[in-house]
Enquirer: 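Have a look at the structure that comes next, please.
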Amino acid sequence: MLDKDRTLNIFSDLAEFMGIKLNAITIFGNDYNKQNVQNAVASLKPSPQDIVIFYYSGHGFSKNDQYQYPYISLRSKSFQGLDENAINIEEIYGAIKQKGAKVSLVISDCCNTLPETTAAVSGEVALTRSSSLGWSFNNCLQLFLPPAPVAILMTAAKKGEMSAGNNSYGGFFTFNFRTALLNFLSPTHEFTGVSWAKLIDEAQTQTVKKATNTICNNPD
C-alpha cells in the first residue's frame with residue numbers, strides 16, 4: 001500500500017507539473033485479480049505521444065522456464081491456484097510495448113524466486129532525502145517526452161533473488177527508483193543531462209547498496 005500510494009502520488013505530481021492529463025487505474029483490494037489486470041492492459045489505447053506506466057508491488061515468483069523476469073501473483077484468495085492466477089511481467093511489457101506509446105515503463109517490485117519464498121523485511125531506518133530544489137521542466141521533457149520512443153522493463157530482483165522492504169521505505173527498489181527519479185528531475189542535473197539509462201543505474205546502485213547493508217530476516 002505504501003508503494004502503491006507513493007508511486008501514484010509521484011506520477012500524479014508529474015502529470016500536473018507537465019500539464020498532462022492523467023488516467024490512473026489502480027487494482028487492489030476486492031478488485032485484485034488476473035482478469036482485471038488483463039482487461040486494464042487490453043483497454044490501453046495510447047497515441048504516439050502518450051506515456052504508459054504499469055507498476056506492480058506485491059508477491060512475485062519464478063519458474064524453471066525461459067522467463068528471466070518474475071511472474072506476478074494475482075490471486076486474491078489463498079485457495080486459488082498460483083499458476084492460473086499469475087502473469088509474467090515480460091508478457092505485460094510485450095503487450096504494452098506493441099501499443100506504441102512515446103514512453104512505456106513497466107515496473108515490478110517483487111520476488112523473483114521460488115513461490116514459497118517470503119519477501120525479506122528489514123528493521124526500520126532513517127530515510128534518505130531527495131532533492132529539495134524543485135523540478136526542472138526540461139529534465140521532465142527529456143525523460144517523458146523524448147525525441148524517439150522509449151520502452152523499459154525493470155524489476156526489483158534477478159531470477160533466484162528475493163525482494164525486500166519495510167514499513168518506512170516500502171519496497172527498497174521502489175523507494176530507490178522513486179528517489180533517483182526525483183533527483184534526476186532536479187535542476188542540478190540540467191548541466192550533466194538526464195537519461196533513463198543513468199536514472200536506472202542510480203536506482204540499481206542504491207538498491208544493491210541498501211540490500212547489502214540490510215540484515216535479512218532469514219539469513220540462511
Side-chain angles (χ1 to χ4, degrees), residues 1-4 6-7 10-11 27 34 37 41 52-75 82-98 103-123 125 127-128 143 150-184 194-220:
M1 294 297 286
L2 280 175
D3 287 347
K4 175 183 69 70
R6 290 171 177 173
T7 300
I10 190 171
F11 288 119
I27 299 173
K34 180 178 179 178
V37 172
V41 172
V52 175
I53 300 165
F54 180 98
Y55 172 79
Y56 172 81
S57 177
H59 182 46
F61 63 97
S62 66
K63 299 180 184 180
N64 186 21
D65 59 17
Q66 77 278 13
Y67 288 118
Q68 293 303 305
Y69 284 75
Y71 289 83
I72 59 175
S73 174
L74 298 168
R75 56 179 186 169
L82 190 61
D83 284 343
E84 59 267 35
N85 290 283
I87 308 174
N88 193 279
I89 199 71
E90 290 184 45
E91 296 180 77
I92 294 173
Y93 173 71
I96 290 176
K97 185 178 179 181
Q98 287 182 345
V103 172
S104 301
L105 302 179
V106 177
I107 306 166
S108 55
D109 195 340
C110 58
C111 290
N112 192 5
T113 185
L114 298 175
E116 60 270 19
T117 305
T118 304
V121 179
S122 83
V125 293
L127 302 183
T128 55
L143 290 174
V150 172
I152 299 171
L153 171 62
M154 60 186 101
T155 196
K158 293 179 182 177
K159 194 161 187 172
E161 291 182 343
M162 295 162 58
S163 63
N166 61 33
N167 289 327
S168 294
Y169 275 85
F172 290 158
F173 169 63
T174 296
F175 177 85
N176 285 295
F177 169 76
R178 193 175 60 248
T179 301
L181 175 58
L182 288 171
N183 284 334
F184 271 70
V194 298
S195 69
W196 283 110
K198 291 179 182 178
L199 194 158
I200 293 168
D201 183 63
E202 174 67 14
Q204 182 181 34
T205 298
Q206 294 304 318
T207 301
V208 170
K209 182 178 178 181
K210 176 71 184 93
T212 303
N213 290 283
T214 295
I215 297 174
C216 181
N217 64 344
N218 192 14
D220 298 323

Enquirer: Are any side-chain N or O atoms of Trp196 and backbone N or O atoms of Leu143, one a donor and one an acceptor, separated by less than 3.5 Å?
Expert: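 Present.
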
Enquirer: Could you pull out the closest heavy-atom pair between Pro115 and Ser62, with the gap in Å?
Expert: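 Smallest heavy-atom distance, with atoms named: CD-O, 4.2 Å.
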
Enquirer: Determine whether Leu82 and Ser73 make a side-chain contact, defined as any pair of heavy atoms from C-beta on separated by less than 4.5 Å.
Expert: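 Of all side-chain heavy-atom pairs linking Ser73 with Leu82, at least one is under 4.5 Å.
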
Enquirer: Can Asp109 and Lys4 be counted as an ion pair, charged N to O under 4.0 angstrom?
Expert: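 Looking at Lys4 together with Asp109, the answer is no, because their closest N to O distance does not fall below 4.0 Å.
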
Enquirer: Would you find a donor on one side and an acceptor on the other, under 3.5 Å apart, between the side chain of Ser163 and the backbone of Cys111?
Expert: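 Between the backbone of Cys111 and the side chain of Ser163 there is a qualifying donor-acceptor contact (under 3.5 Å).
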
Enquirer: Does the side chain of Val37 come within less than 4.5 Å of Tyr56's, by heavy atoms?
Expert: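 No - every pair of side-chain heavy atoms lies 4.5 Å or more apart.
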
Enquirer: If you define the side chain from C-beta out and look only at heavy atoms, does anything of Gln206 sit under 4.5 Å from Thr179?
Expert: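 SC-SC contact between Gln206 and Thr179 ruled out.
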
Enquirer: Do Val103 and Val52 have side chains that approach each other closer than 4.5 Å (heavy atoms only, starting at C-beta)?
Expert: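 Of all side-chain heavy-atom pairs linking Val52 with Val103, none is under 4.5 Å.
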
Enquirer: Sub-3.5 Å donor-acceptor pair from the side chain of Glu90 to the main-chain atoms of Tyr69, do we have one?
Expert: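 Yes, Glu90 side chain to Tyr69 backbone: donor-acceptor pair under 3.5 Å.
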
Enquirer: Within the distance-only criterion (no hydrogens, no angle test), does the side chain of Glu202 pair as donor or acceptor with the backbone N or O of Leu199 below 3.5 angstrom?
Expert: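 Here the side-chain-to-backbone pair does not exist.
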
Enquirer: Tell me, do Phe11 and Leu181 make a side-chain contact under 4.5 Å, heavy atoms counted?
Expert: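 A side-chain contact exists here, since the closest heavy-atom pair is under 4.5 Å.
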
Enquirer: Out of curiosity, Ile89 CD1 to Cys110 SG, how far, rounded to the nearest 0.5 Å?
Expert: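 If we round to the nearest 0.5 Å, Ile89:CD1 and Cys110:SG are 7.0 Å apart.
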
Enquirer: Verify the neighbour count for atom NZ of Lys158: are there more than 12 heavy atoms of other residues, nucleotides or ligands below 6.0 Å?
Expert: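 Counting neighbours around NZ of Lys158, 12 or fewer heavy atoms of other residues, nucleotides or ligands fall under 6.0 Å, so no.
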
Enquirer: Given side-chain contact (heavy atoms from CB on, under 4.5 Å), test Asn88 with Glu91 step by step and report yes or no.
Expert: CA-CA 5 Å; Asn88 193 279; Glu91 296 180 77; 3.6 Å; yes

Enquirer: Assess the side chains of Thr155 and Ser108: does a donor N or O sit below 3.5 Å from an acceptor N or O?
Expert: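 Judged by distance alone, the side chains do pair up.
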
Enquirer: Is there a donor-acceptor pair closer than 3.5 Å between any side-chain N or O of Asp3 and the backbone N or O of Gly171?
Expert: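 Such a contact is found between Asp3 side chain and Gly171 backbone.
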
Enquirer: Determine yes or no for a side-chain-to-main-chain donor-acceptor pair under 3.5 angstrom, with Lys159 supplying the side chain and Tyr67 the backbone.
Expert: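 Side chain of Lys159 to backbone of Tyr67, a donor-acceptor pair under 3.5 Å: yes, one is there.
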
Enquirer: Under the ring-ring contact (aromatic ring centres under 6.0 Å, His included) test, which residues partner Tyr55, sequence neighbours left out?
Expert: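 ring-ring contact (aromatic ring centres under 6.0 Å, His included) check on Tyr55 returns nothing, list empty.
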
Enquirer: Ring centroids only, cut at 6.0 angstrom: are Phe172 and Tyr169 within range, meaning strictly under it?
Expert: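 Distance test on ring centres: under 6.0 Å, yes.
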
Enquirer: Does Arg75 offer a backbone N or O that forms a donor-acceptor pair with the side chain of His59 under 3.5 Å?
Expert: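 No, His59 side chain to Arg75 backbone: no donor-acceptor pair under 3.5 Å.
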
Enquirer: Can you name the residues that form a side chain to side chain donor-acceptor pair (under 3.5 Å) with Lys63, not counting sequence neighbours?
Expert: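 Lys63: side chain to side chain donor-acceptor pair (under 3.5 Å) contacts with Asp83.
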
Enquirer: Does Met154 reach the side chain of Val106, with side-chain heavy atoms less than 4.5 Å apart?
Expert: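 They are not in side-chain contact.
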
Enquirer: Are the side chains of Glu161 and Thr113 in touch, meaning some heavy atoms are under 4.5 Å apart?
Expert: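 Glu161 does not reach Thr113 side chain to side chain.
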
Enquirer: Is it the case that Asp65 and Tyr71 place a side-chain donor and acceptor less than 3.5 Å from each other?
Expert: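 Short answer, yes.
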
Enquirer: Any side-chain heavy-atom pair from Ile92 and Ile72 closer than 4.5 angstrom?
Expert: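 Yes, close enough: below the 4.5 Å cut-off.
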
